[in-house]
Undergrad: 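Below: one structure in structure tokens.
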Amino acid sequence: MALDIVGAGLGRTGTLSLKYALELLGFDKTYHMLEVGNYADHRDMWSAARRGEAVDWDTMFADFRASVDWPACDFWRELSEHYPESKVLLSVRDPERWYASIRNTIHLSTAAGLNAEDDAERERAEWANWFIWETNFDDRMDDKDHVIGVYEARTEQVKAAIPSDRLLVYETGSGWDPLCEFLDVPVPDDPYPHVNTTEEFRERFGRRQRARD
Ligand code: A3P
């Protein structure tokens with residue numbers, strides 16, 4: 001299968017809702033960080049990609065028609081070139097709210113994982129720390145201006161590289177209409193998903209922490 005949609009939006013821009021939305025629209029399956037652990041070799045393949053080594057994208061995405069979220073979003077350029085017929089979906093939201101969301105959820109969970117006693121959990125956190133926080137943000141997550149600067153520069157890079165008829169800058173929260181119009185598919189009856197909120201994330205995270213104590 002070839003990717004029809006390459007997601008360029010960063011984590012915490014509504015990517016899990018997008019995964020469910022795209023799958024409902026027939027782009028099944030849609031890749032997301034949640035899928036990485038379902039494939040024994042994917043984490044190593046992403047690490048190789050990060051080191052600049054060649055990766056067989058067609059093997060990686062054999063089961064997929066779309067990708068969103070980290071790790072794939074960091075390779076929007078490579079993937080959009082490898083799949084020249086694909087459309088590029090850049091999910092964006094207010095940068096201040098995005099930064100607060102990142103800090104209160106996935107960055108917090110990586111930071112906690114770095115001190116985990118469980119080897120597998122610690123290794124996953126070390127990988128995420130390298131792959132996401134160090135590589136994208138120089139591990140300067142306390143520095144809001146820096147992090148938002150990276151976010152905004154990246155939005156501009158995607159807009160500059162991808163022709164406008166191939167790109168949807170999708171404002172998180174704008175529902176089905178812009179997405180369905182861009183993908184040329186009918187609007188479904190189901191409500192557009194809204195999942196993985198900070199509240200939900202913190203509840204899951206708290207439960208894991210309590211189970212550990
Ligand atoms: P908050 O943390 O501000 O609640 P991701 O799935 O990429 O991790 O992103 C989750 C963030 O996107 C959460 O933000 C969530 O509330 C927001 N989000 C997801 N679906 C949404 C929707 N349909 N409308 C508005 N925000 C949405």
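Numbering of ligands and ligand atoms starts at 1, following listing order.
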Undergrad: Val195 near ligand 1, heavy-atom distance under 4.0 Å?
TA: yes
Undergrad: Below 4.0 Å from ligand 1: does a non-hydrogen atom of Arg97 turn up there or not?
TA: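 Flag not set, Arg97 not near ligand 1.
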Undergrad: Would you compute the distance between atom CG of Asp142 and atom NE2 of His107 and round it to the nearest 0.5 angstrom?
TA: 7.0 Å
Undergrad: Below 4.0 angstrom, N of the basic side chain to O of the carboxylate: do Arg124 and Glu121 qualify?
TA: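 No, this pair does not count.
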Undergrad: Should one rank Ile102, Asn196, Thr198 by closest heavy-atom distance to atom 10 (C) of ligand 1, which comes out on top?
TA: Asn196
Undergrad: Which residue owns the protein heavy atom closest to atom 22 (C) of ligand 1, what's the atom, and how far is it?
TA: His194 CG, 3.6 Å
Undergrad: Looking at ligand 1, does Pro193 have a heavy atom less than 4.0 Å from it?
TA: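 In this structure, Pro193 qualifies as a contact of ligand 1 - some heavy atom is under 4.0 Å.
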Undergrad: Please determine whether any non-hydrogen atom of Thr172 lies less than 4.0 Å from an atom of ligand 1.
TA: yes
Undergrad: Would a distance-only check, ignoring hydrogens and angles, find a side-chain to backbone donor-acceptor pair under 3.5 Å from Glu200 to Asn196?
TA: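 Present.
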Undergrad: With only distance considered, is Thr15 within less than 3.5 Å of ligand 1 through an N or O on each side?
TA: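 Yes; at least one N/O pair falls below 3.5 Å.
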Undergrad: Can you tell whether the side chains of Arg140 and Asp145 come within less than 4.0 Å, N to carboxylate O?
TA: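 No, no charged N to carboxylate O under 4.0 Å.
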Undergrad: Identify, for atom 8 (O) of ligand 1, the protein heavy atom at the shortest distance, and state residue, atom and that distance.
TA: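 Checked against all protein heavy atoms, atom 8 (O) of ligand 1 sits closest to Arg12 NH1, 3.0 Å.
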Undergrad: Quick one: nearest non-hydrogen protein atom to atom 6 (O) of ligand 1, plus distance?
TA: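 Answer, as residue, atom name and distance: Leu16 N, 2.9 Å.
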Undergrad: Give the residue, atom name and distance (to 0.1 Å) of the protein heavy atom nearest atom 20 (N) of ligand 1.
TA: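 Nearest neighbour among protein heavy atoms for atom 20 (N) of ligand 1, to 0.1 Å: Ser17 OG, 2.7 Å.
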Undergrad: Starting from atom 9 (O) of ligand 1, find the nearest protein heavy-atom neighbour and note its residue, name and distance.
TA: Gly14 N, 2.9 Å
Undergrad: Does the separation of the ring centres of Tyr31 and Tyr39 fall below 6.0 angstrom?
TA: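 Between Tyr31 and Tyr39, the centre distance exceeds or equals 6.0 Å.
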Undergrad: State which residues pass side-chain hydrogen bond (donor to acceptor under 3.5 Å, both in side chains) with Asp139; sequence neighbours excluded, sorted by chain then number.
TA: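 If we apply the side-chain hydrogen bond (donor to acceptor under 3.5 Å, both in side chains) test to Asp139, skipping adjacent residues, there are no hits.
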Undergrad: Considering only heavy atoms of Gly173, which atoms of ligand 1 have at least one such atom less than 4.0 Å away?
TA: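 The list of qualifying atoms is 24 (N), 25 (C).
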Undergrad: Using 30° and 60° as the class boundaries, would you call the ring planes of Phe61 and Tyr83 parallel, tilted or perpendicular?
TA: perpendicular
Undergrad: Is ligand 1 under 4.0 Å from a heavy atom in the side chain of Tyr192, in the backbone, in both, or in neither?
TA: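 Side chain only.
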Undergrad: Can you sort out which atoms of ligand 1 are near Arg93, meaning under 4.0 Å from one of its heavy atoms?
TA: 1 (P), 3 (O), 11 (C), 14 (O)
Undergrad: Other members of the hydrophobic cluster containing Tyr170, with the 4.5 Å side-chain heavy-atom rule, please.
TA: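 Listed partners: Ile5, Leu18, Leu22, Leu24, Leu25, Phe27, Val68, Leu89, Leu168, Trp176, Leu179, Phe182, Leu183, Val185, Val187, Tyr192.
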Undergrad: With backbone taken as N, CA, C and O and side chain as the heavy atoms from C-beta onward, which portion of Thr13 lies under 4.0 Å from ligand 1: side chain, backbone, both, or neither?
TA: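 Backbone only.
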Undergrad: Using 0.5 Å steps for rounding, measure from the CZ atom of Phe75 to the NE2 atom of His82.
TA: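 Going from CZ on Phe75 over to NE2 on His82, the span is 14.0 Å.
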Undergrad: Within the structure, is a non-hydrogen atom of Lys19 found at a distance of less than 4.0 Å from ligand 1?
TA: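 Checking ligand 1 against Lys19, which is what was asked, there is no heavy-atom contact under 4.0 Å.
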Undergrad: Answer yes if the ring centres of Trp70 and Phe131 are under 6.0 angstrom apart, and no otherwise.
TA: no
